[in-house]
Amino acid sequence: KRTTHWTFISHFILLGLFTHSPLHLFLFSMIMIMFLVALSGNGLMILLINVDSSLHSPMYFFLSWLSLMDLMLISTIVPRMAADFLLGGGSISFTGCGLQILFFLTLLGDECFLLAFMAYDRYVAISNPLRYSVVMSRRVCWLMVVGSWLFGLVDGLIQAVFTLRFPYCGSQEIDHFFCEVPAVLKLACADTSLYETMIYVCCVLMLLLPFSVISASYLRILVAVLRMRSVEGRQKAFATCSSHMTVVSLFYGAAMITYMRPQAYHSSKQDKVVSAFYTMITPMLNPLIYSLRNKEVARALRKLLGRCPCGH
């Protein structure tokens with residue numbers, strides 16, 4: 001009877017996104033610029049929404065939470081990736097990997113549900129403006145935000161705990177720039193097929209349920225907008241909704257490519273590019289999309305700059 005000796009590993013090594021070639025040094029510099037733009041853009045959105053009384057409506061309340069989630073999401077991934085690239089190494093403990101999975105998936109789940117609630121908010125505002133302040137009361141808005149965080153946290157906890165319960169032996173190298181579940185599971189020395197199927201079903205539900213709410217809301221918004229007699233009202237509704245739909249398409253498109261494809265169709269290079277998209281590019285683009293397409297945000301920014309002593 002032959003026995004197999006397994007050497008269980010205590011930490012992982014993240015191989016990262018780049019090598020030290022001139023092209024990759026340039027791409028790394030671009031990512032650091034994106035990181036700074038995302039930090040300043042989302043930070044500015046939170047500041048504007050909190051200090052300007054004209055932005056104290058449910059839409060901007062949700063938008064401030066979206067900006068906070070984007071800030072946290074990019075801060076969970078990029079500083080660690082940058083330190084690994086600049087200092088070399090990439091070693092991450094089991095606990096560190098588990099926490100990264102937990103934070104990342106919690107924020108990803110939060111954003112899925114928050115985008116759905118934002119679509120519902122726009123549907124009520126356009127389809128039923130007279131009852132808007134009653135339907136979307138402060139209490140309802142807070143319940144929606146708390147619900148988003150709870151759904152995300154439950155998903156993150158389940159996946160982090162189950163992923164790290166598998167035995168890991170042999171190779172320590174994760175071919176990724178952070179601990180993403182599909183990349184980590186490739187190193188498990190046990191059959192993960194049942195768990196991968198469970199993750200697949202879970203992610204399909206986590207993505208498709210909010211996405212179906214968004215689709216239904218926007219379908220009804222489209223019908224309501226087309227019935228509007230006012231050209232100005234129609235243009236304003238389209239401007240607000242097109243910003244939101246751009247953000248939804250970018251976020252859900254990238255997330256669906258990563259989590260709704262079976263494991264057999266994953267390649268590490270593709271996964272890294274798609275993950276870079278929704279962990280770095282989307283958080284940078286969100287405040288730009290909303291501020292460029294939104295006259296109220298632009299007005300609040302001009303007011304803030306006018307109040308600033310450096311503007312005189």
Side-chain angles (χ1 to χ4, degrees), residues 7-43 68-109 111 156-157 159-161 163-189 192 251 254-255 257-259 263 266-285:
T7 308
F8 293 100
I9 56 179
S10 59
H11 66 280
F12 297 112
I13 295 163
L14 293 163
L15 296 182
L17 194 57
F18 305 118
T19 60
H20 285 268
S21 68
L23 173 64
H24 282 192
L25 281 167
F26 170 73
L27 290 172
F28 174 74
S29 306
M30 292 302 293
I31 279 178
M32 292 318 294
I33 291 166
M34 279 194 270
F35 177 61
L36 293 172
V37 170
L39 284 185
S40 51
N42 286 296
L68 180 65
M69 286 171 188
D70 280 337
L71 264 179
M72 292 172 74
L73 183 64
I74 202 164
S75 301
T76 301
I77 307 299
V78 176
R80 163 92 215 192
M81 186 205 77
D84 288 344
F85 179 77
L86 295 169
L87 305 173
S91 177
I92 186 167
S93 66
F94 247 59
T95 309
C97 196
L99 286 171
Q100 210 175 41
I101 291 169
L102 172 65
F103 291 147
F104 172 69
L105 287 174
T106 297
L107 291 163
L108 208 64
E111 210 157 310
L157 271 171
Q159 293 209 41
V161 169
T163 300
L164 295 186
R165 279 187 66 192
F166 284 106
Y168 291 90
C169 51
S171 176
Q172 296 170 286
E173 295 181 340
I174 299 173
D175 193 4
H176 215 301
F177 58 94
F178 71 100
C179 288
E180 194 165 31
V181 173
V184 175
L185 285 177
K186 286 177 183 175
L187 304 184
C189 45
T192 60
F251 180 79
I257 289 168
T258 299
Y259 288 96
Q263 190 74 5
H266 281 257
S267 82
S268 57
K269 193 177 260 186
Q270 272 181 344
D271 284 352
K272 282 195 268 193
V273 170
V274 174
S275 298
F277 193 84
Y278 64 76
T279 56
M280 296 174 223
I281 297 169
T282 308
M284 179 197 72
L285 289 176

So CG of Leu108 and CD of Glu180: to nearest 0.5 Å the spacing works out to 8.0 Å

Considering residues at least two apart in sequence or located in another chain, which fulfil the side chain to side chain donor-acceptor pair (under 3.5 Å) criterion with Thr76?
none

Enter the distance from Leu73:CG to Leu68:CG here, rounded to the nearest 0.5 Å.
11.0 Å

Do Phe178 and Met81 make a side-chain contact, defined as non-hydrogen atoms from C-beta onward lying under 4.5 Å apart?
no

Where is the tightest heavy-atom contact between Ala188 and Thr192, given as atom of each residue plus distance?
CB-CG2, 3.7 Å

What is the distance from atom OG of Ser171 to atom CD1 of Ile13, rounded to the nearest 0.5 Å?
8.0 Å

Any side-chain heavy-atom pair from Ile77 and Phe35 closer than 4.5 angstrom?
no

When you compare the side chain of Ile31 with that of Leu17, does any pair of heavy atoms fall below 4.5 Å?
yes

Answer yes or no: does atom CZ of Phe94 have more than 12 heavy-atom neighbours from other residues, nucleotides or ligands under 6.0 Å?
yes

What closest approach, in Å, do Ile174 and Cys97 show between heavy atoms, and which atom pair accounts for it?
CD1-SG, 4.4 Å

Rounded distance [0.5 Å steps], CG in Leu71 versus OG in Ser40:
9.5 Å

I need the minimum non-hydrogen distance between Arg80 and Ile92, along with the two atoms involved.
NH2-CB, 3.7 Å

Is the shortest heavy-atom distance from the side chain of Phe104 to the side chain of Cys179 under 4.5 Å?
no

Side chain to side chain contact (heavy atoms under 4.5 Å, CB included) for Asp70 and Ile74? Distances and angles first, verdict last.
CA-CA 6 Å; Asp70 280 337; Ile74 202 164; over 6 Å; no

Apply side chain to side chain contact (heavy atoms under 4.5 Å, CB included) to Phe177 and Asp84, showing your working.
CA-CA 9 Å; Phe177 58 94; Asp84 288 344; over 6 Å; no

Contacts of Thr95 that satisfy side-chain contact (heavy atoms from CB on, under 4.5 Å) - sequence neighbours left out:
Ser93, Leu99

About how many Å separate CG of Leu107 and OG1 of Thr279, when rounded to the nearest 0.5 Å?
11.5 Å

Any side-chain heavy-atom pair of Tyr168 and Val184 under 4.5 Å
yes

Shortest non-hydrogen contact from Gly156 toward Leu105
CA-CB, 3.8 Å

So, do Thr282 and Phe277 sit near enough that their side-chain heavy atoms are less than 4.5 Å apart?
yes

By side chain to side chain donor-acceptor pair (under 3.5 Å) - contacts of Glu173 (at least two apart)
none

Report yes if the side chains of Met32 and Leu36 come closer than 4.5 Å at any heavy-atom pair, otherwise no.
no

Closest heavy-atom contact between His176 and Ala183?
CD2-CB, 3.8 Å

Just so I know, are the side chains of Asp175 and Lys186 near enough to count as touching, which here means a heavy-atom distance under 4.5 Å?
no

Of all heavy-atom pairs between Gln159 and Ile101, which one has the smallest distance, and what is that distance?
C-CG2, 4.4 Å

